[in-house]
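The structure appears right after this line, and notes come after that.
A quick note: this is a predicted structure, and the numbers were derived from the prediction, not measured. Reckoned from all heavy atoms, side chains included, excluding hydrogens, waters and symmetry mates.
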Amino acid sequence: MKKILIVNGPNLNLLGRREPGIYGSESFDDYLASLRKRYEGVATIDYFQSNCEGKLIDRLQQAGFGEADGIVFNAGAYTHTSIALGDCIRAIKTPVVEVHISNVHAREEFRHHSMLAAACKGVICGFGLDSYRLAVEALLQD
């Protein structure tokens, strides 16, 4: 069985309440329960969320040297600003898939550039919460 870690960054703790026209009306806790059920017996899915960049780096480093087989990472707005998170992803051994709920390329121009994408195994965006499932599928193929 593979161990997958999902890491969400700032403001993603508000899913289901935050801008439902962009992010949907389902809470991440509800979605996570259905995702875990879907992969029961195939993968364990752990979850971490923080609004603090340093805590995200600490958790990625902890998971990135053998604790997890793959990481699904939605860095939220840090995607577009954080050199430190990109450096962290380059430093760890565990593959990381960058995800976004919305299609960031159809939004404001500042969201079109990712400071993380080049360090990641791949990027999935624009499929709502299903972006997380697609990332898990990609990591299970390794």
Next item on the list: Can you see which heavy atom on Ala84 is nearest to which on Ile57, and at what distance?
Entry: CB-CD1, 3.7 Å
Item checked: Value rounded to 0.5 Å, distance of CG in Asn8 from CG in Asn13 -> 9.0 Å
Item checked: Inter-residue atom distance Ser131.OG - His100.NE2, 0.5 Å rounding -> 9.0 Å
Check: If every non-hydrogen atom of Gly86 is compared with every non-hydrogen atom of Ala119, which pair is closest and at what distance?
Finding: O-CB, 3.8 Å
Next item on the list: Please determine, by modelled atom types, if Glu137 and Tyr132 share a side-chain donor-acceptor pair under 3.5 angstrom.
Entry: no
Check: Are the side chain of Ser27 and the backbone N or O of Leu15 linked by a donor-acceptor pair below 3.5 Å?
Finding: no
Note to self: Is there a path of hydrophobic side-chain contacts, each under 4.5 Å between heavy atoms of I/L/V/M/F/W/Y residues, joining Leu85 to Val7?
What the structure shows: yes
Check: Do we see a donor-acceptor contact under 3.5 Å between the side chains of Ser82 and Glu53?
Finding: yes
Checklist line | Ile124/Glu98 under side chain to side chain contact (heavy atoms under 4.5 Å, CB included): CA gap, chis, key distance, verdict | finding: CA-CA 6 Å; Ile124 299 171; Glu98 177 184 328; over 6 Å; no
Next item on the list: To the nearest 0.5 angstrom, please state how far the NZ atom of Lys121 sits from the CD atom of Gln141.
Entry: 9.5 Å
Notebook entry, point to check: Quick one: salt bridge (Lys or Arg N to Asp or Glu O under 4.0 Å) partners of Glu40, sequence neighbours excluded?
Noted result: none
Margin query: Minimum heavy-atom separation for Thr94 and Gly66, please, with both atom names.
Written below: OG1-N, 4.2 Å
Check: Residues two or more places apart in sequence or in another chain: which of them pass salt bridge (Lys or Arg N to Asp or Glu O under 4.0 Å) with Lys55?
Finding: none
Check: Under 4.5 Å between side-chain heavy atoms, hopping through other hydrophobics if needed: is there a path connecting Phe48 to Val96?
Finding: yes
Notebook entry, point to check: When rounded to the nearest 0.5 angstrom, what distance separates NE2 in His80 from CG in Leu116?
Noted result: 8.5 Å
Checklist line | Distance in Å, Arg38 CZ paired with Ile45 CD1, rounded so as to fall on 0.5 Å steps | finding: 10.0 Å
Next item on the list: Treat each ILVMFWY residue as a node, draw an edge where side-chain heavy atoms are under 4.5 Å apart, and state whether Ile101 and Val99 are in one component.
Entry: yes
Item checked: Sidechain-backbone polar pair: Lys2 side chain, Leu139 backbone, donor-acceptor under 3.5 Å -> yes
Checklist line | Arg59 bridged to Glu67 by N-O distance under 4.0 Å | finding: yes
Next item on the list: Mind listing the closest non-hydrogen atom pair of Ser102 and Cys125 along with its distance?
Entry: O-CB, 3.6 Å
Notebook entry, point to check: Residues two or more places apart in sequence or in another chain: which of them pass ring-ring contact (aromatic ring centres under 6.0 Å, His included) with Tyr47?
Noted result: Phe28
Checklist line | Short side-chain donor-acceptor distance under 3.5 Å, Tyr78 and Asn51 | finding: no
Checklist line | Side-chain donor/acceptor of Gln49 to backbone N/O of Gly9, under 3.5 Å | finding: yes
Notebook entry, point to check: Does one hydrophobic cluster hold both Leu14 and Leu129, with members joined at side-chain heavy-atom distances below 4.5 Å?
Noted result: no
Check: Phe73 versus Ile89: any side-chain heavy-atom pair under 4.5 Å?
Finding: yes
Item checked: Common cluster, Val97/Leu12, ILVMFWY with side-chain heavy-atom separation under 4.5 Å -> yes
Item checked: Minimum side-chain heavy-atom gap Ile92-Ile71 below 4.5 Å -> yes
Item checked: Distance (rounded to the nearest 0.5 Å) between Arg90 CZ and Ile83 CD1 -> 9.5 Å
Notebook entry, point to check: Is it true that atom CZ of Phe127 has more than 12 heavy atoms of other residues, nucleotides or ligands lying nearer than 6.0 Å?
Noted result: no
Notebook entry, point to check: Can you check side chain to side chain contact (heavy atoms under 4.5 Å, CB included) on Tyr31 and Ile6, steps first, answer last?
Noted result: CA-CA 12 Å; Tyr31 178 75; Ile6 296 174; over 6 Å; no
Item checked: Closest heavy-atom pair and its distance - Met1, Ala43 -> CG-N, 3.5 Å
Check: Can any side-chain N or O of Asp69 pair as donor or acceptor with the backbone N or O of Ile4 at less than 3.5 Å?
Finding: no
Margin query: Please find the pair of heavy atoms, one from Ser114 and one from Thr79, that lie closest to each other, and give the distance.
Written below: OG-CG2, 3.4 Å
